[in-house]
Amino acid sequence: MTYHVIGGAQGYKGITLSDFDTWLDAQITGHGDAAEMYQSVAWAYRCVQLRANAVAAMPFVVTREGSDDEVDSPWPLTRLLWNTEAALSVWGAFYWLKRANRVVLKELQWLNPLTMKAEYNENGIQGFEQKVGAVTKRFTPQQIVYGHSFNPYDDLGPGVAPLQVALEAAGIAKNVNQWAAGFFEHGAIPALLLHTDSTLPRGEAERIEGAWNRMVAGVRNAW
């Protein structure tokens, strides 16, 4: 069954109930807002890029377990580190899936925090849930490498991300950018009022009012 979200920043969009649940979770947690600001506000995007680039550029070595012997990494760790710092900057948490067979760890796969949820209680982390569309997967604590930034109200859940702290400022910047884009797109016409002290004949007043409304009415002509 398909539902529709109408109004707000969503416009008019058809989605499934499962997608709606995911979207609603993102709005409640603020994670969706942070992802949107990363994509739409230049300085927010640049700040995340700078942090992730700096972490990915740090020198590191991979050693054999139990010794100092260096080995070549079988995975693109630089990209993994980049994604991890970006996730911490935007969402305050990161998740790696340990892909392994019965003998050896074969790969560390970065998972998008928007799809992940840590399940925990007073006894600690109990597991992890991933929702991608209508598909839900569950992982044990042993399958996931999980980390998060500091949160003064929650010791185990995602922390307070830098971009979430900056959401209000980023939201203002986004709205200013949208207003400026619309202003110049519509010819950079400043806001104005049509006014007269004269008494106009009825037919002439109606003609001017109709022409004026056609020119300025509606969102597309707001400028």
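Along the sequence shown, residues carry numbers from 1.
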Could you tell me if the side chain of [Y] sits less than 4.5 Å from the side chain of [X], heavy atoms only?
{"X": "L111", "Y": "Q109", "value": "yes"}
{"X": "Q130", "Y": "K117", "value": "no"}
{"X": "L77", "Y": "V62", "value": "yes"}
{"X": "T140", "Y": "F128", "value": "no"}
{"X": "P158", "Y": "Y146", "value": "yes"}
{"X": "V160", "Y": "P152", "value": "yes"}

Please walk me through it: do W91 and L163 pass side-chain contact (heavy atoms from CB on, under 4.5 Å)? CA-CA 8 Å; W91 296 294; L163 188 51; over 6 Å; no
Value rounded to 0.5 Å, distance of [atom1] in [X] from [atom2] in [Y]:
{"X": "K131", "Y": "R138", "atom1": "NZ", "atom2": "CZ", "value": "9.0 Å"}
{"X": "E107", "Y": "L80", "atom1": "CD", "atom2": "CG", "value": "9.5 Å"}
{"X": "Q164", "Y": "S89", "atom1": "CD", "atom2": "OG", "value": "10.5 Å"}

State, without any angle test, whether Q49 and Y38 hold a side-chain donor-acceptor pair at a distance under 3.5 Å.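 Y38 and Q49 do have a side-chain donor-acceptor pair below 3.5 Å.
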Side-chain donor-acceptor contact under 3.5 Å, D154 with Y120: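 Yes - a donor-acceptor pair under 3.5 Å links their side chains.
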Do [X] and [Y] share a hydrophobic cluster, counting only Ile, Leu, Val, Met, Phe, Trp and Tyr and linking them when any side-chain heavy atoms are less than 4.5 Å apart?
{"X": "Y95", "Y": "F139", "answer": "yes"}
{"X": "L50", "Y": "V55", "answer": "no"}
{"X": "L108", "Y": "V71", "answer": "yes"}
{"X": "W96", "Y": "F60", "answer": "yes"}
{"X": "V90", "Y": "M116", "answer": "no"}

Please report the closest heavy-atom contact between [X] and [Y], naming both atoms and the distance.
{"X": "P141", "Y": "I125", "answer": "CG-O, 3.7 Å"}
{"X": "G124", "Y": "L156", "answer": "CA-CD1, 3.8 Å"}
{"X": "S149", "Y": "A161", "answer": "OG-N, 4.3 Å"}
{"X": "A87", "Y": "A93", "answer": "CB-O, 3.4 Å"}
{"X": "G159", "Y": "H148", "answer": "N-CB, 3.8 Å"}
{"X": "A86", "Y": "A52", "answer": "N-CB, 4.2 Å"}

Considering residues, nucleotides and ligands other than N53, do more than 12 of their heavy atoms fall under 6.0 Å from its CG?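 Yes, enclosed.
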Does D68 have more than 12 heavy atoms from other residues, nucleotides or ligands lying within 6.0 Å of its CG?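 It does not: D68 CG has 12 such atoms or fewer within range.
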Does the structure place the NZ or CZ of R79 under 6.0 Å from the centre of the six-membered ring of W82, at an angle of no more than 45° from the ring's axis?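 Yes, cation above the ring, under 6.0 Å and within 45°.
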side-chain contact (heavy atoms from CB on, under 4.5 Å), that's the test. Do V145 and K98 meet it? Break it down for me. CA-CA 7 Å; V145 178; K98 293 189 279 188; 3.9 Å; yes
List for me each residue that meets side-chain hydrogen bond (donor to acceptor under 3.5 Å, both in side chains) alongside N123, sequence neighbours excluded, and say none if there are none.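 N123 satisfies side-chain hydrogen bond (donor to acceptor under 3.5 Å, both in side chains) with no residue once adjacent residues are dropped.
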Please lay out, stage by stage, how L105 and R99 fare under the test side-chain contact (heavy atoms from CB on, under 4.5 Å). CA-CA 6 Å; L105 177 65; R99 291 189 172 276; 5.7 Å; no
